[in-house]
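Taking it in order: structure first as structure tokens, then the write-up.
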2 protein chains.
Amino acid sequence: MDALVARVGSIRASKSAAGGSPSSAHSPKRMLFLDLVLSVFRLNGLLVAEGDAMTEDLGLTSARWKVIGVVALSTAGLTVPGIARVLGQSRQAVQRITDVMAQDGLITYQPNPKHKRSVLVLLTDEGKSAYHALREVQDPWAIRNTEDIPVEDLETALRLVRRLIQRLDK
Amino acid sequence: MDALVARVGSIRASKSAAGGSPSSAHSPKRMLFLDLVLSVFRLNGLLVAEGDAMTEDLGLTSARWKVIGVVALSTAGLTVPGIARVLGQSRQAVQRITDVMAQDGLITYQPNPKHKRSVLVLLTDEGKSAYHALREVQDPWAIRNTEDIPVEDLETALRLVRRLIQRLDK
DNA sequence: GTGTAAATGACAGCATGCTGGCATTGTAGC
DNA sequence: GCTACAATGCCAGCATGCTGTCATTTACAC
């Protein structure tokens, strides 16, 4: 973790630090994991910022980006709590996003044959074209960010992240 | 990404979906990356929740967890903007956390010889014992979550995450 | 059928993090 | 020394996400 602090440049106050803490008995796996945790926090923030920047011309935000992506992939429609379960967020958080997106004409609520109260969320034509426009920005972005990264590394990282998700999500 | 939707269990509405979308011309790396991005969002949320649960008995929160960890590792003290740079957050966000933590007696502001206005953040004795108590919860947690994960996988994932951070943080 | 538990909608309140704006202090070039 | 730019403190407003609560609907065991 000292590495994490030291890695960030231009921190005058920490010049004389970083040498002292006797970090003995630090199992490498433990340190790797804690470093990974902080890095995930960092990456998450950057990805949200990146998503906001990438979608602002489309009338979207990173929150809508997630929702529209999930809805676009479900041909039969999803309920709000269903979207929340996919995204691992509270249904209230998703509900607020979808309400605004419905006002903006990106999605519509349709009767759910399986459930009288819990309506289905579907993309409107405007929502679909927003999703297609999104894809045209998102896909090059994804390709650009992985061009010099081996597939194996991506697979290993994804497997690890999923493993942690599975473990923490119980 | 269909996999992401399908992977989440107990979603009745998506039963009849997930089969249709003709995801041709999807380069595997692109799909892997987008899946990784969504998984990082998911993992981030779980880690924050985990951090909150882990630290609530110590009078901490996940936000304070990050701050106290950074401050504890810098023997010379850090300025608020310095902490923000390490964490990759805005100085305002960190300032609000540190102000409350100072009120709670976990940290103190000390004069900065290098800068008249920008004070240094240091742990109080109470803050140090909170950090030690934190370590006693955090370390077993880290070990528990990595016991069946190869070191090489952790290293690969960390390297990849850092690589993405470096690329997005410019 | 009935009753209980789970799921959902709706509302309120709170925590975290961001941006923008403005005044003040430091830094560096001249 | 002066000036211009950067860094910092402080304030306000906003977006996102969480929990808690309550009423209603749905699902399921009996």
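A, B, ... follow the sequence lines: proteins, then strands. Residue 1 opens every chain.
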Open item on the list: Using a strict threshold of under 4.0 Å (side-chain N to carboxylate O), is an ion pair present between Arg144(A) and Asp139(A)?
Closed with: no
Task: Atom pair distance, as rounded to whole Å: CD in Gln92(A) and P in dA15(C) - done: 17 Å
- [ ] Give Ser62(B) one of three labels, base, sugar-phosphate or nothing, depending on what nucleic acid heavy atoms sit under 4.0 Å from its own.
- [x] nothing
Open item on the list: Would you say Gln95(A) and Asp99(A) are linked by a side-chain donor-acceptor pair, where the criterion is simply a distance under 3.5 Å?
Closed with: yes
Open item on the list: Just to be sure I understand the rule, does Val67(B) reach a base, reach only the sugar-phosphate, or reach nothing, if contact means heavy atoms closer than 4.0 Å?
Closed with: nothing
Task: Co-membership, hydrophobic cluster, residues Leu160(B) and Ile149(B), 4.5 Å side-chain - done: yes
TODO: Classify the nucleic acid contact of Ser118(A) as base, sugar-phosphate or nothing, counting any heavy atom under 4.0 Å across all strands shown.
DONE: sugar-phosphate
TODO: Mind calculating the distance between CZ (Arg85(B)) and P (dA6(D)) to the nearest angstrom?
DONE: 14 Å
Open item on the list: Expected output is a numbered-order residue list: members of residues 94-103 of chain B with a heavy atom under 4.0 Å from any atom of DNA chain D. What is it?
Closed with: Gln95(B)
Open item on the list: Can you measure Tyr109(A) atom OH to dT8(C) atom C1' for me and round it to whole angstrom units?
Closed with: 13 Å
- [ ] Please figure out whether Gly88(A) or Arg91(A) has its closest DNA chain D nucleotide nearer the 5' end.
- [x] Gly88(A)
Open item on the list: Is there a side-chain contact between Lys66(A) and the phosphate of dG17(D), meaning an N or O under 4.0 Å from OP1 or OP2?
Closed with: yes
- [ ] Round to the nearest Å and state the distance from Phe41(B) atom CZ to dT16(D) atom C1'.
- [x] 12 Å
Task: Interatomic distance, Leu46(A) CG vs dG17(C) P [rounded to whole Å] - done: 14 Å
